Every structure is written in C-alpha cells, then in structure tokens.
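Worksheet for the structure shown next.
Below, chain A is the first sequence line, B the second, and so on; all start at residue 1. Note that the coordinates shown come from a computational prediction; the quantities given were computed from them, not determined experimentally.
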Amino acid sequence: MAEPVTIRLTNSRTRKKEVFEPLDPANVRLYLCGPTVYDRAHLGNARPVIVFDVLQRLLRHVYGENSVTYVRNFTDVDDKINAEARRRREAGAEGTLKELIRERTAETIRWYHDDMDALGAARPDHEPRATDYIPQMQAMIADLIGKGHAYEAEGHVLFDVRSYPAYGQLSGRSVDDMIAGARVEVAPFKRDPMDFVLWKPSSDEEPGWDSPWGRGRPGWHIECSAMSDALLMKDPEHDKSFDIHGGGIDLMFPHHENEIAQSCCANPDGKFARVWLHNEMLQVEGKKMSKSLGNFFTVRDLLDQGIPGEVIRYVFLMTHYRNPMDWTAEKVREAKHTLTKWYRQSGLSTSTQPYQPVVDALVDDLNTHEALAQCHALSNGGDFPALRGSLTFLGLMGDAIPGWARVPGFSDAETGVVRDILWQRSRARERQDYATADRLRDGLKKAGVIVRDVADGEPEFEKTPEFDVNVLDQVQADQ
RNA sequence: GGUGGGUUGGCGGAGAGGUUACGCACCGGAUUGCAAAUCCGUGAAGACCGGUUCGAUUCCGGUACCCACCUCCA
C-alpha cells in the first residue's frame with residue numbers, strides 16, 4: 001500500500017487551508033456550477049472548468065480512476081435565455097419562443113462542449129440540465145414550505161432568510177448589513193428584502209411547468225440544490241452531504257449562500273457541501289473583462305485567432321486559482337514558446353507517469369504554478385519521460401503532440417515554394433555566394449517563414465503568424 | 001457603506017523566518033559564413049510605516065494604491 005497522500009484545499013467556508021478527507025474514498029463527489037446556456041462561453045467561464053478539471057484529475061490519481069463523481073450542470077431555464085430567444089424572434093427567426101429557446105440551448109451546449117474540450121477539460125460524469133429536474137425542484141420547494149422556510153406570495157414562492165440563522169455565513173455577511181447596503185428595489189411581497197425566489201410565474205409564451213403554486217418556472221438557485229441532491233446525495237450513509245462544491249468567487253453571494261440555505265433547511269441533518277472551492281476572477285491586460293471596454297472575448301474567439309487550447313490552458317495554470325488572473329498577450333507568447341519546446345522534448349517518450357513533485361504541487365491546494373515550475377525543471381534536466389507524463393497529467397497533452405506544435409501548417413504548394421527557395425539558397429551557399437544566400441533567407445523571414453539549419457539533412461522551416469504567401473511568391477520570382 | 005483578493009527583480013510569478021525559486025526578456029561568453037536554435041554564465045526584488053526577532057520579503061498591526069463582489073454574472 002502506497003503512502004497515503006494528503007490533499008490540502010482552501011475551504012471558503014472556513015477560510016482555511018484544510019486537509020481534505022473524503023466522505024467515501026471510493027466515491028469522491030464534486031459539484032461545479034455550470035453555465036447558463038444562452039451564449040458562447042467567455043474566457044472567464046473557462047477558469048472554474050479548468051480548476052475543477054485539474055482537481056478531478058488529481059483526485060482520480062489519488063483515489064482511483066473510478067472513485068470520483070463529478071457533476072456540472074447546465075442552466076437551461078433562465079430569463080437571459082428567454083431574452084435571447086425574444087431577441088432572435090424579433091430579428092426574424094422562425095418558430096415559437098419555446099422552440100427558439102430549445103434550439104438556442106441545444107446549440108449553446110454543443111458550443112460549450114467544443115470549447116471546453118479544446119481546453120483539455122474532461123467531460124464531467126454527469127451534466128444535468130435544469131429542465132430535467134423540475135419535479136425534484138418542486139418537491140424540494142414543497143418541503144421547504146412545509147418546514148416553514150419558504151412561503152407563497154402573489155404566484156411566487158420565496159425563501160425566508162430569517163428562518164435560517166446561518167444565512168450569510170459563507171460569504172461573511174449578515175442579513176442586516178446586506179439590507180443596509182442594498183441598492184435594489186425590493187418586491188413588495190417579500191417578508192424580508194433578502195428573501196429570494198424559489199419559484200416564479202411564467203407567461204403563456206415563456207417556458208413553464210404546472211405546480212401547486214401555478215404555472216411557473218424555478219428561481220435560479222434551487223436547481224443546484226435539487227440536482228446535487230439527486231446525483232450526489234443518494235447514499236443515506238453519508239447524511240445528505242457531499243465533498244466539494246465550487247465555482248467563481250462571484251457566485252459565493254448570493255448563489256452559493258442561497259444553495260446552502262435551501263439544501264441545509266431541506267436536509268437539516270446533512271452538511272450539504274463540506275468543502276467550498278472558489279476561484280478568483282479573470283482580468284484582461286489588468287482590467288475587468290467587459291463589453292464596454294472592448295476587451296470581452298469568448299474561448300472560441302481565441303481559438304479562432306489561432307491560439308491553441310493547450311496554450312490557453314497553460315496561461316490559466318500559470319496563476320493560482322485563488323488569485324486574480326490577468327490574461328495578456330505576453331503570457332500567450334510565453335506559454336506557446338514553452339509548450340512548443342516541451343512538446344518537442346516529449347516526443348522522445350510515451351510515458352504517462354507524472355513526476356511526483358508535480359503531483360505534490362497539486363496536492364498543496366492545487367498549486368499549478370509550482371507544477372509548471374517542476375515541469376521546467378524536468379525540461380532543463382532532460383527527464384523527458386517524466387515531462388511527458390506530467391504534461392499528460394496536467395491535461396496539457398493527449399496521446400500525441402498537438403498538430404500546431406508538430407507540423408508547420410503549410411499547404412503542399414507553399415511547401416514547394418519554400419523548398420525551392422531553400423534549394424536555391426543551399427546552391428548559393430555551396431558557391432559561397434553568401435550575399436544571395438542571405439537575401440533568400442531574409443526574404444523567407446519577410447514572408448513569415450523561420451528557417452533552421454540542421455547539422456545534416458534538409459533545413460527545417462515553420463510558419464509565423466506573419467506568413468504572407470504573396471511575399472513568398474515574390475521571393476521566388478526574384479530569382 | 002459592507003465583504004473578499006492583490007501589491008515581489010525589466011515583465012510574469014512562487015515557496016520558505018536565515019541558504020539560487022522558476023520562466024520570459026536583457027547582458028557577457030561558446031557554437032554558427034550570417035540568421036535561428038542550443039549550451040554556459042552574470043546581474044537584478046519583495047508598496048509604505050511601525051512591531052516581534054539575533055535576523056523578515058516571509059509573522060503581527062497600521063497606511064496607501066489596484067481589482068472584484070454586495071444587482072444577472074465563472
């Protein structure tokens with residue numbers, strides 16, 4: 001039996017780094033709040049996905065491949081989705097609002113999968129959709145009403161925050177402080193300004209389900225309580241608790257606070273999530289990413305610009321998840337440079353065994369930066385099998401070196417032109433006509449082709465982002 | 001107003017109360033007809049003010065500045 005590994009995680013609930021002890025080492029259970037599916041995932045959405053992907057890889061490494069249950073939901077009923085569908089209908093899209101919603105959510109889920117796959121994030125074990133768990137949500141709401149934690153008012157069902165004394169504990173706020181600082185208008189039917197919606201009425205054209213409180217739809221928070229209950233807390237032995245719940249730190253309040261209130265009131269004997277993991281936010285060139293600043297972009301935008309998913313992932317891993325992360329062009333350049341080097345070195349091995357210090361780094365509150373530093377050490381030390389195994393472990397490498405790092409992306413015709421120019425250059429060098437040789441080399445450089453002479457054999461060459469086939473043709477024509 | 005995070009060398013970014021982080025860039029050298037790549041090496045830090053200590057960038061307190069959240073938000 002191997003030495004038991006001690007994983008430490010910073011638990012937002014206690015604000016301390018704690019030794020992680022699973023409720024059941026044979027089934028470690030994770031829940032990550034997933035996306036509301038109304039549009040492409042922006043770059044910030046990728047952060048918790050990558051953090052949890054690293055976490056689940058680590059847990060599977062420590063507890064066994066099949067000893068982890070990872071759940072990440074899709075929120076497919078939400079006012080933003082309705083608004084997006086209305087916008088499309090007004091723009092001339094065919095179909096009813098409900099049809100447009102169904103199309104949009106299905107399309108967005110496909111995009112989300114494509115984009116997160118590209119970042120090397122493994123699919124969770126379960127990806128429940130909110131609309132598949134309406135009966136469970138209704139049952140939980142009815143239960144909360146029955147226990148005196150929720151009340152009905154004007155077609156809505158509201159959670160009564162005053163009925164749950166621990167409300168605000170996760171985010172370190174008191175109900176009174178929050179009311180004092182509140183800036184929003186409060187619906188008149190709320191008993192307390194902080195009470196939040198569990199169920200709300202739907203118009204005829206909006207998605208809605210029949211319920212004891214009239215036709216309506218769930219509030220945002222109840223889905224996570226209902227789905228984590230259904231998928232992670234079936235086992236009565238473990239007192240209605242599971243191991244780790246996570247998301248962006250902006251979800252801590254109100255979303256996670258409300259989930260705790262709902263779940264702990266519905267299951268007073270359980271602890272709901274024992275460990276809460278929150279990632280800090282993303283910035284772009286030192287500023288918040290926002291549409292108004294013009295620095296807003298999606299994962300797909302970056303992939304379309306030719307930034308490989310592995311490079312994006314590497315940039316995320318450079319920063320510890322609990323620190324604000326700055327996305328910069330400089331980091332992209334550095335990540336690409338480093339990964340290209342590592343991939344070339346890794347090609348010499350097929351190992352899948354990670355270097356123990358890399359594992360040790362992750363064990364300490366997912367210190368991904370330290371893990372990368374250890375990879376640098378392997379690279380510099382020439383331990384390529386351990387490097388390859390570690391890159392695989394970190395999700396930076398699959399079965400093969402990514403195409404972008406391996407093969408220059410030239411078409412056959414372009415390759416022919418480059419080879420022709422290189423042949424002319426080598427002829428010039430043979431006759432010691434270095435002026436011509438240098439002119440050809442500079443011409444290739446100007447066209448965006450980097451040439452590397454090798455000790456024996458054909459020179460290697462690769463494309464840069466500045467590649468211009470017209471300039472290349474000109475260089476050839478000038479001969 | 002409330003809550004949380006940050007501030008380290010040119011840039012990015014860690015750990016550790018006393019010993020080189022690391023990467024990128026730069027500089028010097030080797031190698032190369034040139035270029036690229038590679039290798040060797042040097043230098044450079046800890047926002048500010050106090051406190052604890054033999055000794056703090058690392059612990060404690062305060063100040064300043066930046067960011068986020070408190071309203072849908074990863």
Of the listed nucleotides B:A21, B:A74, B:U71, the one nearest the side chain of A:N45: B:A74
A:H337 NE2 to B:C22 P: how many Å, rounded? 16 Å
Salt bridge between A:D326 and A:K331, side-chain N to carboxylate O under 4.0 Å? no
Using atom C1' of each nucleotide, how far apart are B:G50 and B:A56 to the nearest Å? 14 Å
Base, sugar-phosphate alone, or nothing: which one does A:R425 contact when heavy atoms must sit under 4.0 Å apart? base
A side-chain contact here means heavy atoms from C-beta on lying under 4.5 Å apart; do A:T368 and A:M318 qualify? no
Nearest-Å distance, CG (A:L378) to P (B:C22)? 14 Å
Can you name the atoms? Protein N/O to nucleotides 2-13 of chain B N/O, anything below 3.5 Å, with the distance.
from: B:U3; atom 1: O2'; to: A:S171; atom 2: O; distance (Å): 3.2
from: B:G13; atom 1: OP1; to: A:K331; atom 2: NZ; distance (Å): 3.3
from: B:G13; atom 1: O2'; to: A:H369; atom 2: ND1; distance (Å): 3.2
from: B:G13; atom 1: O2'; to: A:H369; atom 2: NE2; distance (Å): 2.6

In whole Å, I'd like the distance from the CD atom of A:Q169 to the C1' atom of B:C70. 18 Å
With rounding to the closest Å, how many angstrom separate the C1' atoms on B:U31 and B:C67? 48 Å
What does the 5'-to-3' dot-bracket notation of RNA chain B look like when only Watson-Crick and G-U wobble pairs under 3.5 Å count, and pairs to other strands show as |? (((((((..(((.....[...)))..((((.......)))).....(((((..]....))))))))))))....
Whole angstrom value for the distance that separates P of B:A36 from CG of A:L422: 17 Å
Gap between atom CZ of A:F297 and atom CG of A:D304 - 0.5 Å precision: 13.0 Å
Over all strands shown, is A:G247 touching base, sugar-phosphate only, or nothing at heavy-atom distances under 4.0 angstrom? sugar-phosphate
Base, sugar-phosphate or nothing for A:L372? Non-hydrogen atoms, less than 4.0 Å. nothing
Integer angstrom distance from the C1' of B:G1 to that of B:A44: 43 Å
Using atom C1' of each nucleotide, how far apart are B:U71 and B:C66 to the nearest Å? 23 Å
With the side chain defined as heavy atoms from C-beta on, A:K80 is closest, among B:C72, B:A74, B:C22, to B:C72
C1' gap between B:G12 and B:C69, integer Å: 26 Å
Go through the steps to decide whether A:T14 and A:E18 satisfy the test side chain to side chain donor-acceptor pair (under 3.5 Å), and finish with yes or no. CA-CA 9 Å; A:T14 57; A:E18 300 173 345; 2.5 Å; yes
Does the pair A:H278 and A:H256 meet the rule for a ring-ring contact (aromatic ring centres under 6.0 Å, His included), with working shown? CA-CA 10 Å; A:H278 289 104; A:H256 290 330; 5.0 Å; yes
Take A:D53 and A:R313, measure what salt bridge (charged side-chain N to carboxylate O under 4.0 Å, His left out) needs, and give me the verdict at the end. CA-CA 11 Å; A:D53 185 62; A:R313 186 178 177 99; 2.7 Å; yes
d(CG, A:D364; C1', B:G15) in whole Å: 9 Å
Under the salt bridge (charged side-chain N to carboxylate O under 4.0 Å, His left out) test, residues paired with A:E127 that sit two or more places apart: A:R72
Could you state the atom-to-atom distance from CD of A:E370 to C1' of B:A21 in whole Å? 8 Å
Just compare B:U71, B:C22, B:A74 and give me whichever is closest to any side-chain atom of A:N380. B:C22
Taking ring pair (Phe, Tyr, Trp, His ring centres under 6.0 Å) as the test, write out the residues that go with A:H156, two or more places apart. A:F189
Closer to the 5' end of RNA chain B via nearest nucleotide, is it A:N367 or A:A377? A:N367
Map A:A435 and A:Y314 onto RNA chain B by nearest heavy atom, then report which one ends up closer to the 5' terminus. A:Y314
For A:D79, salt bridge (charged side-chain N to carboxylate O under 4.0 Å, His left out) partners two or more places apart: A:K200, A:R217
Rounded distance (Å) that lies between atom P of B:C72 and atom CE of A:M289: 19 Å
Separation of the P atoms in B:G46 and B:U58, to the nearest angstrom: 11 Å
Could you give the distance separating B:G33 and B:C27 at their P atoms, to the nearest angstrom? 23 Å
Between B:A25, B:A74, B:C22, spot the one nearest the side chain of A:R333, thanks. B:A25
Residues A:R86 and A:E206 bridged, charged N to O under 4.0 Å: yes
Sticking with atom P, work out how far B:G28 lies from B:U42, rounded to a whole angstrom. 16 Å
How many whole angstroms separate atom CG of A:N279 from atom C1' of B:A68? 12 Å
Applying ring pair (Phe, Tyr, Trp, His ring centres under 6.0 Å), can you list everything that pairs with A:Y434, at least two apart in sequence or on another chain? none
